[in-house]
**Student:** 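One structure coming up, written as structure tokens, with questions to follow.
Each chain gets a letter, A, B and so on, in the order its sequence line appears, and its residues count up from 1.
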There are 2 protein chains.
Amino acid sequence: MQNQSTSNNTDPVSITLTDRLFDTLQRAIVEGEIAPGSKISEPELARQHGVSRGSLREAIGRLEARKLVERKPNIGARVVTLSYEQLIEIFQIREALEGMAARLAAQNMSDQEIEELQVLLEEHGQQIEEQQGQAYFQKQGDLDFHYRIVQGSKNHHLIGLLCDDLYHLLRMYRYQFGMRSRRSRQAYDEHHYLLNAIVARDPEMAELLMRQHIRSSRRNVERMLLEN
Amino acid sequence: MQNQSTSNNTDPVSITLTDRLFDTLQRAIVEGEIAPGSKISEPELARQHGVSRGSLREAIGRLEARKLVERKPNIGARVVTLSYEQLIEIFQIREALEGMAARLAAQNMSDQEIEELQVLLEEHGQQIEEQQGQAYFQKQGDLDFHYRIVQGSKNHHLIGLLCDDLYHLLRMYRYQFGMRSRRSRQAYDEHHYLLNAIVARDPEMAELLMRQHIRSSRRNVERMLLEN
DNA sequence: TCAGCCTAATATGTCGACAATTTATGTATT
DNA sequence: AATACATAAATTGTCGACATATTAGGCTGA
């Protein structure tokens, strides 16, 4: 469904060099290949990727807009450093935004979309039964579920904010802090309650349950980080 | 308080050319000097402002990140076209985000900040008494109030999202649609209720009242636009 | 007259080079 | 030896030019 590389262009080759660079660098930063807090040297990176500094600078500009790097005039760009405080900030924003997304999804998702989401959730349930402990599939499942809710809001601006901007920052935290989730069963249940509210077309309840879900996810992360 | 041109740099001249260009273009777009939907010609704009296309392109990239222009590869950039639907989307996002900001402000604002906000609100009250109908001051007052609440959340990411990204888009709508507010008295009252909740350090109530405030502001805009 | 193609003109994408600023290096002075 | 200053090296900011893609205009043929 969300394959086909982001664009419905007629000519698939028309993707610009800056675009590819941006994707590559974003992945490298999110996955920690370029360490958090490290300086980004324009001459070096340009040489490594075989592109001119001009194209590279445009890519860095986009990374800056997504808060993946910070730039200071005449000094240069650095990969952001992750902090506990900023992670909390992100969770607060997610709570507000995804809560609204759930509210809107309860109003705007088509019946078919809801059915497909029920099917997806059943698959997650089976995966949890069969292979308990497969953290990867659980995380991926969690992301899939949230992704569909956000799409279901039909609010394009909101979708962009969540899926383009916040999503990658969050992924970066998962990689860096090794945020494995040990509460897949509970998360699965919470997804179920939320979906029930959407089936019932109850926006108020959907928002409430989504916010509770994200709050409990945040508490889980807090506990995990305090363990070290 | 928010003067001094965004930066606490040691050297005020160190602001880059791209920065100035960005500010200039953003203002021109927001105030309608460059019409919505119009094409942005790189050679023409570069010549007008006496800069190279490279610097201009970096500025355009930032405008794109703020959703003020839309870009298509090999085609060019256009100023966004405003629509009723998108305005509704923005109000939904504001409701979620500013609601959260109010919640956090009730927890995190200092006593002094709250006192200053009370003083500000009293001034607004007097202005409404004295010169009723001065739509400009009322709008400015509304912005000031919301601005301080957002700052009071102490969530830097949230502050950036609201004050850097959404704010200018909203201003653009105000200019384009001529959104004068005819409910200054009611807005003033709603601000008062909200402030009371913050004084009482009641996050739940603060969020609720902020969301109601934004919803009623949205309804007002809807009514106004339907009149044509 | 209109549709379709071919060519010219213009616009965007990318590059390498120069200018200005910051950082590193080395020297001198106390 | 440590600090301060001066100089050199490297990095970022800005520019003009070339490569490539799109648009405009004219020509041909039905």
Side-chain angles (χ1 to χ4, degrees), chain A residues 5-26 28-29 34-35 37-80, chain B residues 5-26 28-29 34-35 37-80:
Chain A
S5 92
T6 65
S7 155
N8 54 357
N9 235 335
T10 50
D11 186 3
V13 196
S14 78
I15 295 170
T16 186
L17 177 55
T18 300
D19 286 331
R20 280 198 302 269
L21 243 184
F22 170 68
D23 286 340
T24 302
L25 292 178
Q26 176 170 254
I29 290 176
I34 305 178
S38 63
K39 184 161 190 330
I40 292 183
S41 165
E42 293 183 4
E44 186 180 335
L45 259 191
R47 188 178 45 74
Q48 282 180 5
H49 293 267
V51 300
S52 82
R53 273 183 54 228
S55 304
L56 174 63
R57 281 172 63 85
E58 293 202 17
I60 294 177
R62 285 200 228 171
L63 293 171
E64 185 187 18
R66 292 201 175 176
K67 316 275 189 202
L68 292 174
V69 310
E70 289 172 353
R71 217 178 204 172
K72 291 182 182 176
N74 289 315
I75 303 277
R78 310 190 79 92
V79 178
V80 291
Chain B
S5 93
T6 65
S7 155
N8 53 358
N9 236 335
T10 51
D11 187 3
V13 196
S14 77
I15 295 169
T16 186
L17 177 54
T18 300
D19 287 331
R20 279 198 301 270
L21 243 184
F22 169 69
D23 286 339
T24 302
L25 292 179
Q26 175 170 254
I29 290 175
I34 305 178
S38 63
K39 183 162 190 331
I40 291 182
S41 165
E42 293 183 3
E44 187 181 335
L45 260 191
R47 190 179 44 74
Q48 283 181 4
H49 293 268
V51 300
S52 81
R53 274 184 54 228
S55 303
L56 175 63
R57 281 171 64 86
E58 294 202 16
I60 293 178
R62 286 200 228 171
L63 293 171
E64 185 187 19
R66 291 200 176 177
K67 317 274 189 203
L68 292 174
V69 310
E70 288 172 352
R71 216 178 205 173
K72 290 182 183 176
N74 289 316
I75 303 277
R78 307 191 82 92
V79 179
V80 291

**Student:** Dump the intermediate steps for salt bridge (Lys or Arg N to Asp or Glu O under 4.0 Å) on A:Arg62 and A:Asp19, then the final yes or no.
**Tutor:** CA-CA 10 Å; A:Arg62 285 200 228 171; A:Asp19 286 331; 2.7 Å; yes
**Student:** Just jot down the side chain to side chain contact (heavy atoms under 4.5 Å, CB included) partners of B:Ala35, sequence neighbours excluded, or say none.
**Tutor:**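 Side chain to side chain contact (heavy atoms under 4.5 Å, CB included) check on B:Ala35 returns B:Ser38.
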**Student:** Of all residues at least two apart in sequence or in a different chain, which pass the side chain to side chain contact (heavy atoms under 4.5 Å, CB included) check with A:Gln26?
**Tutor:**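 Counting only residues at least two positions away or on another chain, A:Gln26 forms a side chain to side chain contact (heavy atoms under 4.5 Å, CB included) with A:Phe22, A:Val30, A:Leu63, A:Arg66, A:Leu68, A:His168.
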**Student:** Output the rounded distance in Å from CG (B:Leu56) to P (C:dG13).
**Tutor:**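 Taking atom P of C:dG13 as the reference, CG of B:Leu56 is at 11 Å.
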**Student:** Listed by chain and number, what are the side-chain hydrogen bond (donor to acceptor under 3.5 Å, both in side chains) partners of A:Arg57, not counting sequence neighbours?
**Tutor:**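 With sequence neighbours excluded, A:Arg57 shows a side-chain hydrogen bond (donor to acceptor under 3.5 Å, both in side chains) to A:Glu42, B:Glu58, given in chain and number order.
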**Student:** Report yes if the side chains of A:Thr18 and A:Val51 come closer than 4.5 Å at any heavy-atom pair, otherwise no.
**Tutor:**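 Counting from C-beta outward, A:Thr18 and A:Val51 never come under 4.5 Å.
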**Student:** Taking protein heavy atoms under 4.0 Å as touching, what does nucleotides 14-21 of chain D look like 5' to 3' if B marks base contact, S marks sugar-phosphate-only contact and - marks none?
**Tutor:** BB-B---S
**Student:** Can a side chain N or O of A:Lys39 be found less than 4.0 Å away from OP1 or OP2 on D:dT12?
**Tutor:**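 For D:dT12, OP1 or OP2 has a side-chain N or O of A:Lys39 closer than 4.0 Å.
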**Student:** Whole angstroms only, please: what is the NZ-C1' distance between A:Lys72 and C:dT21?
**Tutor:**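 Roughly 16 Å, once rounded to whole Å.
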**Student:** Give the angle between the helix axes at the two ends of the helix from C:dT1-D:dA30 to C:dT30-D:dA1, taking five base pairs at each end and rounding to 10°.
**Tutor:**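 Its terminal axes enclose an angle near 0°.
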**Student:** Taking side chain to side chain contact (heavy atoms under 4.5 Å, CB included) as the definition, give me every residue that meets it alongside A:Ser41, ordered by chain and number, with sequence neighbours left out.
**Tutor:**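 For A:Ser41 the side chain to side chain contact (heavy atoms under 4.5 Å, CB included) partners, ignoring immediate neighbours, are A:Pro43, A:Glu44.
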**Student:** Any heavy-atom pair between the side chains of B:Leu56 and B:His49 that's under 4.5 Å?
**Tutor:**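 A side-chain contact under 4.5 Å is absent here.
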**Student:** Residues from residues 40-48 of chain B sitting under 4.0 Å of DNA chain C, heavy atoms only?
**Tutor:**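 Under 4.0 Å from DNA chain C: B:Ile40, B:Glu42, B:Pro43.
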**Student:** Inspect the surroundings of NZ in B:Lys39 and state if more than 12 heavy atoms from other residues, nucleotides or ligands are less than 6.0 Å away.
**Tutor:**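 Check passes, neighbour count above 12.
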**Student:** State which residues pass side chain to side chain contact (heavy atoms under 4.5 Å, CB included) with B:Ser52; sequence neighbours excluded, sorted by chain then number.
**Tutor:**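 Expected list: B:Ser55.
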**Student:** Rounded to whole angstroms, how far apart are CD1 on B:Ile75 and P on C:dT10?
**Tutor:**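 After rounding, the reported distance stands at 18 Å.
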**Student:** side-chain contact (heavy atoms from CB on, under 4.5 Å) between B:Leu25 and B:Leu45: does it pass, once the steps are laid out?
**Tutor:** CA-CA 10 Å; B:Leu25 292 179; B:Leu45 260 191; 4.0 Å; yes
